[in-house]
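Data block below; observations after.
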Amino acid sequence: MSSTDQTNATITSRFKALLDRYRIQASVTFAVLATIAFLTGEIVPKVNEFIFHSGVLQYITFIVLLDLSVSVYLHQARPTTRVSKNQDESMPGLIEAVPHCRAGSADFLEYAGATALPLVRAIQREGVPMRMLVKHPDTLLGLQKQRMITTLDTLFNSIFDGQSGSFEIRCYRQAFAVRGRRLGDEVLELGWLTPDLKHQTAYGHSNPSLVADLSTKSNRYLLEFFERTFSDLWNAQDTEDGRTVLERLGSPNSTGSPVAQT
């Protein structure tokens, strides 16, 4: 950025801050002056003639109405991107958005994916085509590996049992970094995966996430980032079909395993 651009930005910022700071005072002053002008016009015929024939009154009315309209819009317009403190906060809004993307599709980038199952069930009920990436069980250790197999078993033998063509699940082996859920052209959630060194696993359900409205072009860069990451993992040579993985490793043991919180 040039020094001229920096100066312009600084002047603009200062003007905006000044306007915001004294907006109420300016509005009151403007209203008082308009009232005085109106009363003077009623007393002095020439002033009255000037106000009505010059169009000043119409101009003032237009400015006031425009200012009120902008104020109402800014207070009612939903932010295009918001931050959720955890999955419990973001999940209801994601489930609510599912019916609006029936004509589209959904892409999920998960770790174990167990805490995303309520959203997946909503996807299944609405018949929205879905692709889902989960961590490959062969890259996990101990109890977490069994939890991952349990999630695959739930997906294939419960939620999508007897269905074909509307969903596809693959297991990626690459290092984890982020997770995300794209619901048609409606909404995109992006979150972080945090290593849990003590339990040799990772979690993301309690981490903050960004929830972006995809109907606005200002969030296009977030969608491009997610699609690039998802595509790289989906098409990686060592990424394997989820059903093949489940058939090779077998269903979870009869004693049952706790559900992964990731």
Side-chain angles (χ1 to χ4, degrees), residues 1 5-6 8-9 12-13 16-17 20 69-113 115-135 166-170 172 174-194 202-236 239 262:
M1 180 181 290
D5 293 336
Q6 290 177 338
N8 291 337
T12 302
S13 300
K16 184 178 183 301
D20 291 339
S69 299
V70 172
S71 298
V72 171
Y73 173 79
L74 292 177
H75 281 86
Q76 290 184 346
R78 295 178 58 186
T80 59
T81 305
R82 60 183 177 85
V83 178
S84 293
K85 62 181 181 180
N86 54 40
Q87 183 172 265
D88 289 340
E89 185 175 283
S90 64
M91 185 59 70
L94 297 177
I95 294 177
E96 183 179 345
V98 171
H100 301 290
C101 59
R102 292 172 182 166
S105 62
D107 286 336
F108 284 41
L109 172 55
E110 304 288 337
Y111 184 71
T115 57
L117 292 182
L119 183 58
V120 174
R121 292 184 187 277
I123 290 285
Q124 185 274 329
R125 287 193 299 269
E126 297 294 338
V128 177
M130 185 196 76
R131 295 185 302 173
M132 186 174 187
L133 279 165
V134 294
K135 201 73 174 73
S166 62
F167 74 101
E168 189 174 358
I169 301 167
R170 294 187 183 183
Y172 67 94
Q174 302 300 316
F176 58 84
V178 299
R179 67 173 185 171
R181 292 95 180 243
R182 178 191 63 80
L183 302 177
D185 298 324
E186 295 292 320
V187 67
L188 170 68
E189 181 189 30
L190 286 174
W192 294 266
L193 291 168
T194 304
Y203 64 88
H205 68 286
S206 60
N207 290 337
S209 65
L210 296 177
V211 182
D213 179 2
L214 296 182
S215 66
T216 174
K217 293 183 179 180
S218 63
N219 288 328
R220 185 69 190 177
Y221 70 100
L222 293 175
L223 179 60
E224 291 174 351
F225 163 72
F226 171 76
E227 289 181 335
R228 182 175 64 252
T229 305
F230 186 92
S231 180
D232 288 345
L233 293 175
W234 186 265
N235 297 313
T239 295
T262 56

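All figures in this text were calculated on a predicted structure; none of them were measured in a lab. Count residues from 1 along the sequence. These numbers come from the heavy atoms of this one structure, side chains and all, not from hydrogens, waters or symmetry mates.
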Which heavy atom of Val128 sits nearest a heavy atom of Ala106, and at what distance? CG1-N, 4.0 Å
Rounded at 0.5 Å granularity, tell me how far OG in Ser209 sits from CD in Glu89. 8.0 Å
So do the side chains of Arg131 and Phe167 get within less than 4.5 Å of each other, counting heavy atoms only? no
Leu210 side chain reached by Val83 side chain, heavy atoms, under 4.5 Å: yes
Are Trp234 and Thr239 close enough that some pair of their side-chain heavy atoms sits under 4.5 Å apart? no
Taking atom CZ of Arg228 and atom CG of Leu223, what is their separation to the nearest 0.5 Å? 10.5 Å
Hey, is the main chain of Asn235 close enough, under 3.5 Å, to the side chain of Tyr172 for a donor-acceptor pair? no
Got a second to check how far Thr229's OG1 is from Asp107's CG, nearest 0.5 Å? 12.0 Å
Atom pair CD (Glu189) and CG (Leu109), whose distance is rounded to the nearest 0.5 Å: 11.5 Å
Side chain to side chain contact (heavy atoms under 4.5 Å, CB included) involving Arg125 - partner list, sequence neighbours excluded: Arg121, Ala122
To the nearest 0.5 Å, what is the distance between CZ on Arg182 and CE on Met130? 11.5 Å
For Leu190, side chain to side chain contact (heavy atoms under 4.5 Å, CB included) partners two or more places apart: Leu188, Leu222, Phe225, Phe226
Glu168 side, atom CD; Leu133 side, atom CG - distance, nearest 0.5 Å: 9.5 Å
When you compare the side chain of Leu183 with that of Phe108, does any pair of heavy atoms fall below 4.5 Å? yes
Would you say that Met91 contacts Arg181 through its side chain, given a criterion of any heavy-atom pair below 4.5 Å between the two side chains? yes
Would you say the side chain of Arg179 lies within less than 4.5 Å of the side chain of Tyr111, judging by non-hydrogen atoms? no
Gly184 and Leu214 have their tightest heavy-atom pair at O-CD1, 3.7 Å
